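Since the structure is predicted, the reported quantities are computational estimates derived from the model, not experimental observations. Numbers restart at 1 for each chain; the letters A, B, ... are given by sequence-line order, proteins then strands.
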Protein chains: 2
Amino acid sequence: MFAVSARTQYAIRAMSCLAKRPDRSATAAEIALAESIPAKYLEGILSRLKASGLIESERGKNGGYSMAKDPAAISMLEIVEAIDGRIKPVTCVDAPGACAFGGDCHPRNFWIGLKATIDAYLAERTLKDVSEG
Amino acid sequence: MFAVSARTQYAIRAMSCLAKRPDRSATAAEIALAESIPAKYLEGILSRLKASGLIESERGKNGGYSMAKDPAAISMLEIVEAIDGRIKPVTCVDAPGACAFGGDCHPRNFWIGLKATIDAYLAERTLKDVSEG
DNA sequence: TATATTCCTACTATTCAGATAGGAATATAG
DNA sequence: CTATATTCCTATCTGAATAGTAGGAATATA
Ligand code: FES
Ligand code: FES
């Protein structure tokens with residue numbers, strides 16, 4: 001239960017990989033090789049990370065990806081949300097009454113509290129913390 | 001991300017339903033009707049709850065299900081684990097080295113910490129807390 | 001112009017959650 | 001002893017999501 005997707009794990013490894021080379025950039029193929037990630041699959045992951053402003057890219061020859069921020073300034077929550085979207089134990093986190101038992105659903109507050117707890121944990125740790133262990 | 005399965009939500013509603021009737025028992029069909037849960041699907045859920053010792057059952061005519069404990073003595077963690085098993089952000093929670101990057105996988109501690117955080121949240125709240133809101 | 005790269009779109013395969021179906025085992029009432 | 005109501009067991013179907021693949025367009029460099 002509450003399994004983290006392969007995508008998210010790939011994303012973290014890819015980010016860690018980039019974090020290790022401060023200035024230089026790396027191609028998708030290089031990262032894929034270094035971290036044992038299916039190359040074509042990784043392209044899609046990097047695309048999402050870029051869309052969220054966590055990494056930058058250069059196209060064409062000598063192109064590649066590089067960090068857009070200091071690894072110590074990137075929370076794990078940012079990475080996770082870039083890949084899999086917001087944490088949503090229940091679909092009604094945003095819209096009250098989205099689940100079957102509309103208004104007076106007691107468990108709702110319980111799940112929203114869980115989301116807050118998870119969010120807090122993820123927001124507290126940075127890429128730097130995690131990639132250094 | 002981190003969606004709670006319909007099964008687990010059904011289970012909580014079913015347990016809440018039983019918690020409301022202290023001594024009496026309820027049949028699967030009654031609970032299904034009261035909580036808008038597919039009747040046949042619910043049977044499988046009740047079966048798991050029973051296997052974990054959270055509820056009791058009587059077969060045959062006048063049979064049904066009833067609470068095995070005081071709702072204030074049942075943690076949400078027990079219910080969740082009865083239905084979907086232990087919280088496992090990554091498959092290597094129990095067996096170090098189960099994931100690809102065996103020994104020196106830095107993210108591992110991060111995920112295990114998350115599991116501990118979630119477990120703690122769930123263990124702290126009881127069925128009574130949640131069903132009363 | 002040749003080459004290396006990101007980027008975009010579409011497709012396939014596998015897995016899993018959700019749900020359904022049918023009936024065997026068991027208990028009660030009459 | 002029989003009819004009935006229930007839990008309990010096993011098998012199956014379906015749709016959605018995840019993981020992964022394929023091919024090529026756009027773009028930058030040398
Ligand atoms: S209304 Fe969303 S959990 Fe009940
Ligand atoms: S070894 Fe399990 S998360 Fe890395």
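- Between the side chain of B/Thr126 and the backbone N or O of B/Lys128 there is at least one donor-acceptor pair closer than 3.5 Å.
- Counting only distance, with no hydrogens or angles, the side chain of A/Tyr121 and the backbone of B/Phe110 share a donor-acceptor pair below 3.5 Å.
- Contact annotation: A/Tyr10 reaches the phosphate of D/dG20 (side-chain N/O to OP1 or OP2, under 4.0 Å).
- Note: B/Phe2 and A/Phe2 have tilted aromatic rings, judged against thresholds of 30 and 60 degrees for the angle between ring planes.
- Contacts of residues 58-70 of chain B with DNA chain D (heavy atom under 4.0 Å): B/Glu58, B/Arg59, B/Gly60, B/Lys61, B/Gly64, B/Tyr65.
- For B/Glu58, the CD atom counts as loosely surrounded, since its 6.0 Å shell holds 12 or fewer non-hydrogen atoms of other residues, nucleotides or ligands.
- B/Ser47 places no side-chain N or O within 3.5 Å of a backbone atom of B/Glu43 that could act as its donor or acceptor partner.
- Mapping B/Glu43 and B/Asp84 onto DNA chain C via the closest heavy atom, the residue that lands nearer the 5' end is B/Asp84.
- Counting all heavy atoms, side chain and backbone alike, B/Ile12 lies closest to B/Leu127 at O-CD1, 4.5 Å.
- Listed for the B/Arg48 side chain is no donor-acceptor partner under 3.5 Å among the backbone atoms of B/Ala82.
- In this structure, CD1 in A/Ile83 is found 8.5 Å from CD1 in A/Ile79, a value given to the nearest 0.5 Å.
- Rounded to whole Å, atom C1' of D/dT21 lies 14 Å from atom CD1 of A/Ile45.
- The distance from atom NZ of B/Lys40 to atom P of D/dT14 is 19 Å, rounded to the nearest whole Å.
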Under the 3.5 Å Watson-Crick or G-U criterion, the dot-bracket string of DNA chain D, with | for inter-strand pairs:
||||||||||||||||||||||||||||||

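- Here the shortest heavy-atom pairing between A/Gln9 and A/Val4 reads NE2-O, 3.3 Å.
- Considering all non-hydrogen atoms of both residues, A/Leu46 and A/Ile55 come closest at O-CD1, 3.6 Å.
- A straight line from CZ of B/Phe2 to P of D/dA17 spans 18 Å, rounded to a whole angstrom.
- Although no hydrogens or angles enter the test, the distance criterion places no donor-acceptor pair under 3.5 Å between the side chain of B/Arg21 and the main chain of B/Ala26.
- With a cutoff of under 4.0 Å to any heavy atom of chain B, the contacted region of DNA chain C is bounded 5' to 3' by C/dG18 to C/dA29.
- No engagement by B/Ser47 is indicated, since no non-hydrogen atom pair under 4.0 Å with the nucleic acid exists.
- Contacts of B/Ala29 with the nucleic acid, taken as non-hydrogen atoms under 4.0 Å apart, are absent.
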